[in-house]
Amino acid sequence: MGRRRNGLAWVRLLAVGLVVASGMVVPATAQENATCLECHSDHDLTGERNGKEISVFVDSEVFGRSVHADLQCIACHSD
(Lines give C-alpha, C1' and ligand atoms only; values in the text may rest on other atoms or scores of the structure.)
Protein backbone atom coordinates (compact mmCIF):
# COMPACT_ATOMS: atom_id res chain seq x y z
CA MET A 1 0.00 0.00 0.00
CA GLY A 2 2.87 2.40 0.76
CA ARG A 3 4.30 2.08 -2.75
CA ARG A 4 0.93 2.81 -4.29
CA ARG A 5 0.52 6.00 -2.22
CA ASN A 6 4.04 7.05 -3.15
CA GLY A 7 3.26 6.43 -6.81
CA LEU A 8 0.07 8.49 -6.63
CA ALA A 9 1.94 11.32 -4.93
CA TRP A 10 4.46 11.36 -7.77
CA VAL A 11 1.69 11.36 -10.38
CA ARG A 12 0.01 14.32 -8.67
CA LEU A 13 3.31 16.16 -8.38
CA LEU A 14 4.07 15.53 -12.05
CA ALA A 15 0.60 16.73 -13.08
CA VAL A 16 0.98 19.95 -11.09
CA GLY A 17 4.44 20.47 -12.55
CA LEU A 18 3.14 20.05 -16.09
CA VAL A 19 0.32 22.54 -15.51
CA VAL A 20 2.74 25.09 -14.05
CA ALA A 21 5.25 24.57 -16.86
CA SER A 22 2.57 24.92 -19.52
CA GLY A 23 1.48 28.33 -18.18
CA MET A 24 -2.06 27.11 -17.54
CA VAL A 25 -1.95 28.24 -13.94
CA VAL A 26 -4.82 30.53 -13.07
CA PRO A 27 -4.25 32.95 -10.20
CA ALA A 28 -6.19 32.12 -7.08
CA THR A 29 -9.13 34.38 -6.47
CA ALA A 30 -9.96 35.92 -3.15
CA GLN A 31 -12.80 34.23 -1.30
CA GLU A 32 -13.70 36.90 1.24
CA ASN A 33 -14.22 40.63 0.85
CA ALA A 34 -11.66 41.27 3.59
CA THR A 35 -9.08 39.50 1.43
CA CYS A 36 -9.96 41.67 -1.57
CA LEU A 37 -9.75 44.82 0.55
CA GLU A 38 -6.24 43.94 1.73
CA CYS A 39 -5.08 45.28 -1.65
CA HIS A 40 -8.04 47.30 -2.89
CA SER A 41 -7.97 49.62 0.13
CA ASP A 42 -4.69 51.04 -1.25
CA HIS A 43 -5.41 54.46 -2.77
CA ASP A 44 -2.56 53.96 -5.26
CA LEU A 45 -3.71 50.56 -6.59
CA THR A 46 -4.32 50.67 -10.33
CA GLY A 47 -5.37 48.28 -13.08
CA GLU A 48 -5.89 48.47 -16.80
CA ARG A 49 -9.11 48.64 -18.79
CA ASN A 50 -9.20 49.10 -22.54
CA GLY A 51 -5.52 50.03 -22.54
CA LYS A 52 -5.98 52.80 -19.97
CA GLU A 53 -4.77 52.85 -16.39
CA ILE A 54 -7.63 53.06 -13.90
CA SER A 55 -7.89 53.20 -10.13
CA VAL A 56 -9.10 49.98 -8.52
CA PHE A 57 -9.24 51.49 -5.03
CA VAL A 58 -12.29 50.54 -2.97
CA ASP A 59 -13.26 52.61 0.04
CA SER A 60 -14.43 49.98 2.53
CA GLU A 61 -16.66 52.44 4.42
CA VAL A 62 -18.43 53.53 1.23
CA PHE A 63 -18.70 49.90 0.13
CA GLY A 64 -20.17 48.94 3.50
CA ARG A 65 -22.97 51.51 3.08
CA SER A 66 -23.69 50.66 -0.56
CA VAL A 67 -26.23 48.30 -2.10
CA HIS A 68 -23.30 45.91 -2.59
CA ALA A 69 -22.51 45.59 1.12
CA ASP A 70 -24.18 42.19 1.51
CA LEU A 71 -22.49 40.74 -1.59
CA GLN A 72 -19.17 38.95 -1.91
CA CYS A 73 -16.79 40.57 -4.41
CA ILE A 74 -16.37 37.24 -6.21
CA ALA A 75 -20.11 37.14 -6.93
CA CYS A 76 -19.36 39.49 -9.84
CA HIS A 77 -15.56 39.73 -10.09
CA SER A 78 -13.53 36.71 -11.10
CA ASP A 79 -10.24 38.53 -11.54
Side-chain angles (χ1 to χ4, degrees):
M1 189 68 123
R3 281 187 162 180
R4 184 173 180 186
R5 284 187 190 166
N6 252 356
L8 289 175
W10 279 106
V11 169
R12 288 184 188 124
L13 183 61
L14 179 61
V16 169
L18 289 172
V19 169
V20 170
S22 70
M24 294 174 26
V25 175
V26 177
T29 57
Q31 298 299 309
E32 300 291 329
N33 288 355
T35 306
C36 296
L37 290 169
E38 285 177 10
C39 293
H40 285 278
S41 62
D42 179 354
H43 288 274
D44 298 324
L45 188 65
T46 61
E48 188 177 307
R49 181 179 293 152
N50 299 323
K52 294 182 180 178
E53 186 176 75
I54 61 166
S55 172
V56 290
F57 164 74
V58 176
D59 185 320
S60 61
E61 289 182 22
V62 172
F63 176 81
R65 293 189 307 266
S66 76
V67 296
H68 300 104
D70 293 330
L71 300 174
Q72 291 297 312
C73 299
I74 61 169
C76 297
H77 300 279
S78 62
D79 58 348

A.B. asks: Using the side-chain contact (heavy atoms from CB on, under 4.5 Å) criterion, which residues pair with Gln72? Sequence neighbours excluded.
C.D. replies: Glu32, Asn33, Ile74
A.B. asks: Linking Ile, Leu, Val, Met, Phe, Trp and Tyr through side-chain heavy atoms less than 4.5 Å apart, which residues share a cluster with Val56?
C.D. replies: Leu45, Ile54
A.B. asks: Which residues pass the side-chain contact (heavy atoms from CB on, under 4.5 Å) test with Glu61, not counting sequence neighbours?
C.D. replies: Asp59, Arg65
A.B. asks: When rounded to the nearest 0.5 angstrom, what distance separates OG in Ser60 from NE2 in His40?
C.D. replies: 13.0 Å
A.B. asks: Can you list, by chain and residue number, the hydrophobic cluster partners of Phe63 when the side-chain cut-off is 4.5 Å?
C.D. replies: Leu37, Val58
A.B. asks: Which heavy atom of Gly64 sits nearest to which heavy atom of Ala69, and what is that distance?
C.D. replies: O-CB, 3.2 Å
A.B. asks: Looking at residues at least two apart in the chain, or sitting in another chain, which of them share a side-chain contact (heavy atoms from CB on, under 4.5 Å) with Ser55?
C.D. replies: Phe57
A.B. asks: Could you identify which residues cluster with Val67, counting Ile, Leu, Val, Met, Phe, Trp and Tyr as linked when any side-chain heavy atoms lie under 4.5 Å apart, either directly or through a chain of such contacts?
C.D. replies: none
